[in-house]
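For reference, the structure is listed below as structure tokens.
What you see below is based on every heavy atom in this structure, not just the backbone, and it leaves out hydrogens, waters and symmetry mates. Naming: A, B, ... by sequence-line order, numbering from 1 per chain. Computed from a predicted structure; not experimentally measured.
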Amino acid sequence: MSELPKNYDPNVVEMKWYQRWLERDAFHADAHSPKPAFSIVIPPPNITGVLTLGHVLNNTIQDILARRARMQGHEVLWLPGMDHAGVATQTAVEKFLLRTEKKRRQEFGREEFLRRVVEWQDKHGGIIIEQLKRLGCSCDWSRQRYTFDPAYVRAVGQVFVDLHDKGLIYRGRRMINWDPSAQTALSDEEVIPTPTKSTLYYVRYELESQPGEFLEVATTRPETIMADVALAVHPDDPRYQKLVGQKVWRPLARETIPVIADTAIDPKFGTGVLKVTPAHDQVDFEIGQRHQLPVIDVLTATAKIDCPAEAELHGLERFAARAKAAEILQERNLLTKTEPHESNVGFSERAGVPIEPRLSEQWFLRYPKTEEALRVVREHLIRFFPAHWEKVYARWLENIRDWCISRQVWWGHRIPAWYHDGETRAQLDSPGAGWTQDADTLDTWFSSWLWAYETMNTETRAKFYPTSVLVTGPDIIFFWVARMIIAGLEFRPGQDASAEANIPFRDVFFTGIIRDQKGRKMSKSLGNSPDPLELMAKYGADGLRFGLMRIAPSGQDIRFEEKQIEEGRNFATKLWNAARFRQAHGPSRAELPAEESLSIYAIELLSRLNETIVAVESAYCEYQFNAVAQRLYDFVWGDYCDWFVEAAKTEIFGANESAKAAALAVMDYVLSAVLRLLHPLMPHLTEELWAVFGFGDGFLDFTKPAIAHEFADKERTNAARVRAREIYTAVDAGRNLRAEARVPSNQKAKFALRSSQPWIAAERETLARLLHAESFEFSAELQPKGEASMIATALGELFLLTEVRDPAAERERLEKEIAKLEKDLAATTAKLASESFIGRAPATVVAEFRQRAQNFATRLEQMRSARDRLG
RNA sequence: GCGCGCUUAGCUCAGUGGUAGAGCGCUUGCUUCACACGCAAGAAGUCACAGGUUCGAACCCUGUAGCGCGCACCA
């Protein structure tokens, strides 16, 4: 056994063990193993991604689950991989090329640009995989997948073809969300409604039949007036009823347009008159359809005005055009007023620019299996943690709309649709000469939704699908979770046709979202996201993991403070030092000694360990990782280090060899349990200590978990526990006396205990040690000489004997204590006197209160007599 | 507008019917034979507010307010 250095160096230890795990292929999943299966597919990070705290949280949880499952005897597959992330990657590489070569993607051309993206990907991509290894993730790296693996690409294409053949995928000219920056269509989910300050312009439209009379319209978008094809009012609006059917002059690109009536108009908004611009607004488009109105498009793909009829606006960028349009209207005396206005504007999730509703030819998916998808969650074939996400999920599915799946970006899965002479075919390979393939690619999520099973082959699928649990952020519940469920149910990759066999996962754990101290989301642009690698360098991967787990309440967002990671590091050091202390006292054997030779402190410790094991177990079942971490922290730091080890020093430094051996054996037994319990959270440190102590052969991942110890003699155990706790509370009381009497910590004090309980005699030495006492008198008829402060304990009356006493201060202290006891006693007595309580409360509760009253009374009497002795 | 969540010590948060808890911070005392990334003690709370249920409510129910999130609307 090598001696542990005084300072724990996580960096060296963590690298060493990760290397060994890899060398021994410890994370490899065997599809033919007879063990029960446990599987997780990683939420694939973007190929351009670098590790964020969100990833750390997410992947630490997955690693904990994977390692715990291995310990429990499961064959574990944790399948890693990456996502090509269409728009995100294309944008990142475009920026890179613009910076390095000053060229845009259009200047390269499609083929050359894609070659450059691959080049970039091979050089800079996948950094995050190495970072996950640094964190200690136990993924089966031999099975790493990429959404651009050839087989995966083919599978995605095949799914398109199948859904097309089923009539679920169709092509249509419809209103979509257009990102003028990335120049692509987006799905509804990729649009972030953002409250935005704008201006409401009141514009006059002159009536054709009554020159000089106007209809006033409130609009935020005067730059689209040229695309107006009608004005609309509510059919029941008395102000405008007689105008319906008349015509007005459109003030820009002057033409006459009709006034129509439609119930979609809200008479209370603005003037109650809406300008109908079917090409640039979803609602307007629908109104246009209802009234067979034409569509006039005045915006280009880059959101510039395309309207030669208004020369001053033609070619202007949309926001410049808005200001210019207002100016022109002003000049023409058609702008009555403007007022500030706030409304939600849709912003592109990726590019962060306002999206433009746009009429365009795109591919859409009519979602299949929505009913089944609702049912499997409602009936808990798939369980959500926390459960309240079920409602969010259900709401989305119940109001589901067709999914726009085509994207006008180059980096993505090419749509397998072919055109020739007005004919369209959906198939993977070209139907032949003269056929041209659709230029568009598929939404990245159209490939991600197959991730749960297309990452597996026939063998792994037979063993590991459906996966056991998915760990992800709630922000992608629609993007990914819901769609994966639909894909599983539709494509049935399972072993039979049942829903149980085809759902992609059984549990879904939604993590919280990590925020900064001000409650803001971590983001690159805000620069408020700490670098996890720096945190690991400072505090170790285990410290980071543990610190984060301890503050990550399930279902709640997480307010991040570096201090909390520091605590994780401190805890690692604490465990390290506890191990060092044990190591200093000879070789270990983690075998529990005979029950009869256990001290009361050992029995209390082992009982607390049992409770901890049970609590940790049930916390895991509910995915309460913060509770797991907190329970283990409290047990190791409080129960083990603060109380047991300090108490056991009596035996460890004592002359009784068998008592010493028993105490050390208990330490070994508990340390061995603690290492196993902590292993999923802090894999490196525990592996190191496990090896150093020689507690077992092989890696902790494959070691049986700690289980609760069954005491043979329950009565003796309970009695011992009561005694140990009475000692501990008496020590607390005695330390309080010391502090009250201002005895410095480094000074030993004289204590005395008046008690008629003879068993205490055997614990005198430990009591003295814990109280840092130079002497500890004990007898039933003890009468302290001189002045002494006293406190009533369950053991008896505990005295602190000192030379210098301040009787006034002591008296004050006693009075305070007496007052509190009187209050407590009065409250308890009153409660016991209340008939409703005695009649209605359970007998055990009543008994508890009786006992409590008794204790208060006894102590009160003791305190009063102490006060009286003071004079 | 609809839905979900949150409101507990200065800060960050646990606590789901029986006398309010932790870590950090603060105050005090300590380099005591594992650990100053530590040890010991202490101060500090109308558990957002108002009703209700109950012998008993931080906890269950109803409502209110504030904050956050999602969906819908958004001329």
Side-chain angles (χ1 to χ4, degrees), chain A residues 4 6-8 193 195-196 198 200-201 217-221 232 264-266 269-277 281 283-284 341-346 386 388-389 391-392 395-396 399 474-475 477-478 513 515 517 519 539 543 550-551 553 555-561 563-564 566-585 624 626-627 630 633-634 637-638 641-642 645-646 649 652-653 732 735-740 742-748 770-772 823-824 827-828 831 834-842 844-846 848-849 852 856:
Chain A
L4 297 175
K6 181 169 177 179
N7 290 312
Y8 173 56
T196 308
S198 62
L200 203 50
Y201 301 86
V217 173
T219 179
T220 54
R221 302 205 62 188
I265 283 73
D266 174 7
F269 188 93
T271 60
V273 185
L274 171 74
K275 70 186 206 49
V276 181
T277 320
D281 185 279
V283 173
D284 291 17
H341 181 68
E342 186 170 304
S343 64
N344 275 335
V345 174
H388 66 80
W389 291 108
K391 280 194 185 175
V392 178
R395 252 173 97 93
W396 183 76
N399 301 296
D475 47 339
I477 184 170
F478 309 138
I513 290 169
R515 299 175 179 281
Q517 282 107 303
Y539 305 112
R550 208 155 76 93
I551 57 159
Q556 233 52 1
D557 286 358
I558 297 142
R559 205 61 71 94
F560 180 82
E561 278 183 87
K563 269 256 168 337
Q564 295 155 332
E566 200 179 315
E567 283 176 43
R569 187 270 319 260
N570 293 353
F571 179 64
T573 309
K574 185 73 179 177
L575 181 62
W576 181 259
N577 280 303
R580 281 181 63 224
F581 177 73
R582 170 61 193 91
Q583 204 196 24
H585 295 95
Q624 309 262 3
N626 60 323
Q630 189 60 44
Y633 182 96
D634 290 344
W637 206 303
C641 293
D642 289 345
V645 172
E646 293 308 320
K649 281 179 180 173
I652 293 166
F653 294 112
D732 270 336
R735 285 170 174 173
N736 179 260
L737 284 185
R738 282 184 59 115
E740 292 272 351
R742 308 254 162 236
V743 180
S745 303
N746 60 348
Q747 194 179 310
K748 291 204 167 189
L770 293 175
L771 285 168
H772 200 49
K823 214 179 104 200
D824 290 345
T828 314
K831 189 148 190 175
S834 127
E835 265 173 53
S836 53
F837 176 69
I838 301 299
R840 308 289 286 276
T844 50
V845 174
V846 175
E848 206 176 291
F849 272 77
R852 201 181 290 168
F856 286 145

*For B/G51 and B/C47, measure between their P atoms and round to the nearest Å.*
14 Å
*Applying a 3.5 Å limit to both distances, which nucleotide forms a Watson-Crick or G-U wobble pair with B/C73?*
none
*What interatomic distance, in whole Å, is found between P of B/C6 and the corresponding atom of B/C59?*
13 Å
*Same-atom distance (P) from B/A14 to B/G29, integer angstrom*: 35 Å
*asked:* Categorize A/Asp634 for me: base, sugar-phosphate, or nothing, with a 4.0 angstrom heavy-atom threshold over every strand shown.
replied: nothing
*For the side chain of A/Asp642, starting at C-beta, report the closest nucleotide among B/A40, B/A34, B/G18.*
B/A40
*B/G21 and B/A9: how far apart are their P atoms, nearest whole angstrom?*
14 Å
*For atom C1', what is the distance between B/C26 and B/G18, given to the nearest Å?*
33 Å
*With a 4.0 Å cut-off on heavy atoms, is A/Leu200 in touch with a base, just the backbone sugar-phosphate, or nothing at all?*
sugar-phosphate
*Could you pick out which residue, A/Arg735 or A/Ala578, lies toward the 5' side of RNA chain B when each is mapped onto its nearest nucleotide?*
A/Ala578
_Restricting to salt bridge (charged side-chain N to carboxylate O under 4.0 Å, His left out), what partner residues turn up for A/Arg569, sequence neighbours left out?_
A/Glu566
*Between A/Tyr633 and A/Gln564, just flag the one whose closest nucleotide in RNA chain B comes earlier from the 5' side.*
A/Gln564
*Are the side chain of A/Gln564 and the backbone N or O of A/Glu561 linked by a donor-acceptor pair below 3.5 Å?*
yes
*Would you kindly give the CZ-to-P distance between A/Phe571 and B/C35, to the nearest whole Å?*
18 Å
*asked:* With rounding to the closest Å, how many angstrom separate the C1' atoms on B/A20 and B/C13?
replied: 15 Å
*Whole-Å gap separating P (B/A40) and NZ (A/Lys649)*: 10 Å
_Check this one for me: any side-chain N or O of A/Asn577 less than 4.0 Å away from OP1 or OP2 of B/G38?_
no
*For A/Leu737 and B/U28, give me the distance from atom CG to atom C1', rounded to whole Å.*
16 Å
*Once you apply the 3.5 Å cut-off to both distances, tell me the Watson-Crick or G-U wobble partner of B/A44, or none.*
none
_Between A/Val392 and A/Phe478, is the side chain to side chain contact (heavy atoms under 4.5 Å, CB included) condition met? List the steps._
CA-CA 9 Å; A/Val392 178; A/Phe478 309 138; 3.6 Å; yes
_Results of ring pair (Phe, Tyr, Trp, His ring centres under 6.0 Å) for A/Phe856 - residues two or more places apart only_ = none
*State whether the distance check finds a donor on one side and an acceptor on the other, under 3.5 Å, for side chain A/Gln624 versus base B/A14.*
no
*Footprint string (nucleotides 66-71 of chain B, 5' to 3'): B base within contact, S backbone only, - free, heavy atoms under 4.0 Å*: ----BB
*If the plane angle is over 60° it's perpendicular, under 30° parallel, otherwise tilted; pick one for A/Phe269 and A/His341.*
perpendicular
*Pick base, sugar-phosphate or nothing for A/Tyr201, based on heavy-atom distances below 4.0 Å to the nucleic acid.*
nothing
_Complementary nucleotide of B/A34, counting Watson-Crick and G-U pairs under 3.5 Å_ = none
*asked:* Expressed as a whole number of angstroms, how long is the span from A/Ile477:CD1 to B/G3:P?
replied: 18 Å
*Could you please name the partner base of B/C4, counting Watson-Crick and G-U wobble pairs only when both distances are under 3.5 Å?*
B/G68
*Take the protein atom CD of A/Glu567 and the nucleotide atom P of B/G25, then report the distance between them rounded to whole Å.*
8 Å
*Determine the Euclidean distance between corresponding P atoms of B/A58 and B/A48; express it in Å to zero decimal places.*
10 Å
_Pairing of A/Glu848 and A/Arg852 as salt bridge, 4.0 angstrom limit_ = yes
*Which nucleotide in the set B/G5, B/C11, B/G38 lies at the smallest distance from any side-chain heavy atom of A/His388?*
B/G5
*How far does the C1' atom of B/A40 sit from the matching atom of B/C35, given to the nearest Å?*
15 Å
*Closest to side chain of A/Asn746, choosing from B/C30, B/C4, B/G23*: B/C30
*Please step through side chain to side chain contact (heavy atoms under 4.5 Å, CB included) for the pair A/Arg735 and A/Leu770, ending with a clear verdict.*
CA-CA 9 Å; A/Arg735 285 170 174 173; A/Leu770 293 175; 4.3 Å; yes
*Quick one: which of B/C37, B/U19, B/A34 gets closest to the side chain of A/Arg852?*
B/U19
*Contact class for A/Val217 vs. all strands (heavy atom < 4.0 Å): base, sugar-phosphate, or nothing?*
nothing
*Just how far is it from atom CG of A/Leu274 to atom CG of A/Asp281, taken to the nearest 0.5 Å?*
7.5 Å
*Phosphate oxygens OP1/OP2 of B/C35: is one of them under 4.0 Å from a side-chain N or O of A/Lys574?*
no
*Could you work out which one of B/A34, B/G23, B/C74 sits closest to the side chain of A/Arg550?*
B/G23
*In the structure shown, which nucleotide is the Watson-Crick or G-U wobble counterpart of B/C24, with both distances under 3.5 Å?*
B/G10
_Whole-Å distance separating the NZ atom of A/Lys563 from the C1' atom of B/G25_ = 8 Å
*Do A/Thr196 and A/Ser198 have a side chain donor and acceptor closer than 3.5 Å?*
no
*Which heavy atom of A/Ser745 sits nearest a heavy atom of A/His772, and at what distance?*
O-CD2, 3.2 Å
Show me the protein contacts with nucleotides 42-48 of chain B, counting only N or O atoms at under 3.5 Å.
from: B/G42; atom 1: OP1; to: A/Asn736; atom 2: ND2; distance (Å): 3.1

*Under the ring pair (Phe, Tyr, Trp, His ring centres under 6.0 Å) rule, collect the residues that match up with A/His585, sequence neighbours excluded.*
A/Phe581, A/Phe653
*B/G18 - base-pair partner by Watson-Crick or wobble geometry, distances under 3.5 Å*: B/C55
*Rounded to the nearest angstrom, tell me the gap between atom CD1 in A/Ile551 and atom P in B/C13.*
8 Å
*Which is true for A/Asp284 with a 4.0 Å heavy-atom rule: it touches a base, it touches only sugar-phosphate, or it touches nothing?*
nothing
*A/Asn577 side-chain N/O to A/Thr573 backbone N/O, donor-acceptor pair under 3.5 Å*: yes
*Using a heavy-atom cut-off of under 4.0 Å over every strand shown, decide if A/Gln747 touches base, sugar-phosphate, or nothing.*
nothing
Might you list the N or O atoms of the protein lying below 3.5 Å from N or O atoms in nucleotides 51-55 of chain B, with each pair's distance?
from: B/C55; atom 1: OP1; to: A/Arg840; atom 2: NE; distance (Å): 2.8
from: B/C55; atom 1: OP1; to: A/Arg840; atom 2: NH1; distance (Å): 2.6
from: B/C55; atom 1: OP1; to: A/Arg840; atom 2: NH2; distance (Å): 2.2
from: B/C55; atom 1: O4'; to: A/Ser836; atom 2: O; distance (Å): 3.2

*State which of B/C37, B/C11, B/C73 makes the closest approach to the side chain of A/Asn344.*
B/C73
*Should B/U62 form a Watson-Crick or G-U wobble pair with both distances under 3.5 Å, which nucleotide is its partner?*
B/A50
_A/Arg221 CZ - B/C74 C1' separation (whole Å)_ = 13 Å
*asked:* Would the distance check show the side chain of A/Arg738 and the main-chain N or O of A/Leu771 forming a donor-acceptor pair, the cut-off being under 3.5 Å?
replied: yes
